[in-house]
Amino acid sequence: MLFEVWAPQAEERVELQLQGAAHPLERDPERDGWWTAEAEAADGARYGYALDGGPVLPDPRSRRQPDGPDGLSAVVDHAAHTWRHDPPARGLRGAVLYELHIGTYTPEGTLDAAAARLDHLVELGITHVELMPLCPFPGRHGWGYEGVSLWAVHEPYGGPEALKRFVDTAHGLGLGVVLDVVHNHLGPSGNYLPAFGPYFTDTHHTPWGAAVNLDAPGSDEVRAFLLGSALAWLRDYRIDGLRLDAVHALADTRALTFLEELSAAVDALAAEQGRELFLIAESDLADPRTTTPRDAGGLGLHAQWNDDFHHALHTALTGESQGYYADFARAPLAALAKTLGHVFFHDGTYSTFRGRTHGRPVDRVRTPAHRFLGYSQTHDQVGNRATGDRLSASCSPGLLACAAALVLTGPFTPMLFMGEEWGASTPWQFFTDHTDPGLAEAVRNGRRREFAAHGWAEEDVPDPQDPATRDRSCLDWAERERQPHARLLAWYRELIALRAAQPDLTDPDLAAVRVAFDEEARWLAYRRGDLRVAVNFAKEPARVPLGTRVRVLAAWEPVEMPNGDGLMTLPPESCVILADV
């Protein structure tokens, strides 16, 4: 087989160490910086590269790291795998996503154990599972955002074959699979890329240090490295879509950006394979050009997370006003109403959190609503709280039901965070398993200092390196059978089924969304075609103008139907979905 590596940093020689035997590589005469060699190797064979007589390092394009990021790479023969199921024909319109972390979805924390629990998602009505990052990282447990080896699967999760089994099982159940990938930083632990070439540049700096090199000398190969990794997940593992972490942190000044290149390549692969593939961006820029098609001057990504909707909903539910919630907390229902109809709260308005104007308006006529994901909780918004507390720790079941109604009947593509469907009482905390003692201590102390600055006592911030922090974050599946969890789970199932049955709830027309609210009385209502949705966040009943010719499709609590004045009495902390008669 052909072994090849881009190693422009090597001055004199590159050597392949394969199963204990040395094989010299030759410079590729047609590709600057590339070295190649032919050698016989079976699936699972261990290998690495030594540059100029230095230590043996893992392959930057390693398909498997059996002993973790610091170990040797292993050959993977993807063609040898036999697939049982074809990917389902599922795009984003009409989708309901479910964000899932393999390491805490089950106590076992493996892909096979998670696959055995996918029937729960089918019964719930989910269409796509969104997996948090799977690339190898130090130790056994972690969030995955410090991964390296962008073609490989974390071995404690089960490695490459386990991911194929997971995807095949999901596809057999009719579920699509989305994978969270991280291009904006790697490591730092186990990151040997700088030894091979200019994968990073000091031209730009990010919160993680030197930026990934997307526009400095050598960036053509770095972009090809990232692009090849992304396509490999879609091609070799039959993943249906990718979630791109923090694209606002991709420093890229080239006329043709990396994101446009990636979008074009994914569209080409979709056409080649005859199936719908998509890219979902995480971005805090509030810039609709992220999802505007390339031929209309945009980046061409197919969807993006909408944190503005989350922030408005969170402040309406909790009253919190710290940090970035401050902009939304002054009038949370007005903020929520704006995001429901206009997507971004900051669309050229002043942000006190940033100290400047922020965002750009969305073209509500030309932009379909399903390009934006709506959610009440995510791994970020739960796990980046000091104690990893979910909404269930501070909100009543009624308020959780209101949040579900807004996410699942709103105009955006809904996304749930694992366990929210039954109001899981388990926290989801920040945990690591760094094998470098110095890095482990730096992360531990940094976490405590960060939250101490926001008023938390250091002793209240869980130790990320303590195995108990991860264990506390695992879902308690037995909760589903107990109250009030069972009732909330039934409500989620009812709402998701309603979304699937009512075309008005997947109508992509943002301009058709009509919202009314009363900030003081704390109710909000909106129309989606012939359907009306109303939520009451208050602890007192609310009289909401919903018309006289309506029937109840779903209600968290019994409601008093409107009389001649068209006012419906909505119980405290409750919600209702109505249809015109």
> In terms of the angle between their ring planes, are His128 and Phe278 parallel, tilted or perpendicular, with boundaries placed at 30° and 60°?
Replying inline: perpendicular

> Using a distance-only test with no angle check, is there a side-chain donor-acceptor pair under 3.5 angstrom linking His302 and Asp267?
Replying inline: yes

> How many angstroms lie between atom CZ of Arg93 and atom CD of Glu276, to the nearest 0.5 angstrom?
Replying inline: 11.5 Å

>> Under 3.5 Å, is there a donor on one side chain and an acceptor on the other for Thr104 and Trp428?
In response: yes

> Checking ring pair (Phe, Tyr, Trp, His ring centres under 6.0 Å) for the pair His23/Phe3: CA distance, chi angles, key distance, verdict?
Replying inline: CA-CA 10 Å; His23 303 263; Phe3 287 86; 7.9 Å; no

>> So, taking the atom named CG in Asp240 and the one named CG in Leu234, what distance separates them when rounded to the nearest 0.5 Å?
In response: 8.5 Å

>> Looking at Trp233 and Leu150, would you say the former's side chain and the latter's main chain have a donor-acceptor pair under 3.5 Å?
In response: yes

> Considering only heavy atoms from C-beta outward, does the side chain of Arg235 approach that of Gln273 to under 4.5 Å?
Replying inline: yes

> Should we say atom CZ of Arg140 is surrounded by more than 12 heavy atoms from elsewhere, each under 6.0 Å from it?
Replying inline: yes

>> I'd like to know if the side chain of Thr469 reaches the main chain of Asp463, judged simply by a donor and an acceptor atom lying under 3.5 Å from each other, with no hydrogens or angles considered.
In response: yes

>> Checking side-chain polar atoms at under 3.5 Å, does His346 have a donor or acceptor matched by the opposite partner on Asp327?
In response: yes

> Which is it for His314 and Glu320 under the side-chain hydrogen bond (donor to acceptor under 3.5 Å, both in side chains) test, yes or no, and what are the steps along the way?
Replying inline: CA-CA 8 Å; His314 188 90; Glu320 292 182 11; 3.1 Å; yes

> Hey, are Gln465 and Thr432 close enough side-chain-wise for a donor-acceptor pair under 3.5 Å?
Replying inline: yes

> Is the closest side-chain donor-acceptor distance between Asp347 and His358 under 3.5 Å?
Replying inline: no

> How are the rings of Tyr105 and Tyr98 set relative to one another: parallel (under 30°), tilted (30 to 60°) or perpendicular (over 60°)?
Replying inline: perpendicular

>> Can you tell me how far apart CH2 (Trp83) and NE2 (His171) are? Round to the nearest 0.5 Å.
In response: 7.5 Å

> Heavy atoms, side chains only, cut-off 4.5 Å: are Leu193 and Val222 in contact?
Replying inline: no

>> Give me the atom names and distance for the closest heavy-atom approach of Pro188 to Leu439.
In response: CG-CD2, 4.2 Å

> Roughly how far, to the nearest 0.5 Å, is the CD atom of Glu261 from the CG atom of Leu227?
Replying inline: 6.5 Å

>> With no hydrogens and no angle check, just 3.5 Å: does a side-chain donor-acceptor pair link Glu260 and Thr257?
In response: yes

> So with a 6.0 Å cut-off around CZ of Arg366, is the heavy-atom count from everything else above 12?
Replying inline: no

> Roughly how far, to the nearest 0.5 Å, is CG of Leu259 from CG of Asp252?
Replying inline: 7.0 Å

>> Quick one about Gln65 and Ser73 (side-chain donor to acceptor, distance below 3.5 Å, no hydrogens or angles considered), yes or no?
In response: yes

> If you look at every heavy atom in Gly53 and Arg13, which pair is closest and at what distance?
Replying inline: CA-NH2, 3.6 Å

>> Do Ile239 and Val167 have side chains that approach each other closer than 4.5 Å (heavy atoms only, starting at C-beta)?
In response: yes

> Would Lys164 and Asp236 pass as an ion pair if we require N to O under 4.0 Å?
Replying inline: no

> Just wondering, do Val75 and Met1 contact through their side chains at under 4.5 Å, heavy atoms?
Replying inline: yes

> For Ser229 and Arg61, does a side-chain donor sit closer than 3.5 Å to a side-chain acceptor?
Replying inline: no

> Is any side-chain heavy atom of His434 less than 4.5 Å from a side-chain heavy atom of Val443?
Replying inline: yes

> Can you name the nearest heavy-atom pair linking Asp180 to Asp245, along with the distance?
Replying inline: OD1-CB, 3.9 Å

> How far apart are the closest heavy atoms of Leu51 and Ala195, and which atoms are they?
Replying inline: CD1-O, 3.2 Å

>> Does either side chain, that of Thr36 or that of Asp28, offer a donor lying less than 3.5 Å from an acceptor on the other one?
In response: no

> Has the side chain of Arg63 got a donor or acceptor atom that lies under 3.5 Å from a matching backbone atom of Trp151?
Replying inline: no

> Taking Ser62 for the side chain and Arg64 for the main chain, is one N or O donor matched with an acceptor at less than 3.5 Å?
Replying inline: yes

> Just one of Phe417, Phe431, Trp143 clears the ring-ring contact (aromatic ring centres under 6.0 Å, His included) bar with His379, so which one?
Replying inline: Trp143

>> Go through it in stages, so that I can follow the logic: the residues are Leu163 and Arg165, the test is side chain to side chain contact (heavy atoms under 4.5 Å, CB included), and I'd like the CA-CA distance, side-chain angles, deciding distance and then a yes or no.
In response: CA-CA 5 Å; Leu163 177 56; Arg165 290 192 295 270; over 6 Å; no

> Looking at Gly374 and Phe412, what are the two nearest heavy atoms and their distance?
Replying inline: N-CB, 3.6 Å

>> For Arg289, is there an ion pair with Asp363 - N to carboxylate O distance below 4.0 angstrom?
In response: no

> Short question: side chain of Asn184, backbone of Leu250 - any donor-acceptor pair under 3.5 Å?
Replying inline: no

>> I'd like to check Phe200 versus Asn213 (side-chain heavy atoms, cut-off strictly below 4.5 Å). Are they in contact?
In response: no

> Any sub-3.5 Å donor-acceptor pair from Glu282's side-chain atoms to Ala246's backbone N or O?
Replying inline: yes

> Ser219 side chain to Ala216 main-chain N or O, any donor-acceptor pair under 3.5 Å?
Replying inline: yes

> Is a side-chain N or O of Ser321 found less than 3.5 angstrom from the main chain of Ala326, in a donor-acceptor match?
Replying inline: no

> Given the rule in the side chain to side chain contact (heavy atoms under 4.5 Å, CB included) test, do Leu242 and Leu277 qualify, once you have shown the distances and angles that lead to the verdict?
Replying inline: CA-CA 8 Å; Leu242 301 176; Leu277 303 172; over 6 Å; no

> Do Thr378 and Gln381 have side-chain atoms, one donor and one acceptor, less than 3.5 Å apart?
Replying inline: no

>> Could you report the tightest heavy-atom contact between Phe166 and Ala114, atom names first, then the distance?
In response: CE1-CB, 3.9 Å

>> Do Val343 and Asn306 make a side-chain contact, defined as non-hydrogen atoms from C-beta onward lying under 4.5 Å apart?
In response: yes

>> Quick check on ring-ring contact (aromatic ring centres under 6.0 Å, His included): which of Tyr325, Tyr375, Trp305, Phe345 does His311 satisfy it with?
In response: Tyr325

> Side chains of Val129 and Val178: does their closest heavy-atom pair fall under 4.5 Å?
Replying inline: no

>> Under 6.0 Å between ring centres: does that hold for Phe328 and His310?
In response: no

>> Can you confirm if the NZ or CZ of Arg27 lies within 45° of the ring axis of Trp34 and under 6.0 Å from the centre of its six-membered ring?
In response: no

>> Could you measure the distance from the CD atom of Glu4 to the CG atom of Asp59? Nearest 0.5 Å is fine.
In response: 9.0 Å

> Which residue, Phe258, Phe196, Tyr199, forms the ring-ring contact (aromatic ring centres under 6.0 Å, His included) with Phe225?
Replying inline: Tyr199

> Checking side-chain hydrogen bond (donor to acceptor under 3.5 Å, both in side chains) for the pair His204/Asp215: CA distance, chi angles, key distance, verdict?
Replying inline: CA-CA 10 Å; His204 310 286; Asp215 57 6; 2.9 Å; yes

> Does CG belonging to Asp32 count more than 12 external heavy atoms closer than 6.0 Å?
Replying inline: no

>> Please tell me whether Phe372 and Phe309 form a close aromatic pair, meaning their ring centres lie under 6.0 Å apart.
In response: no

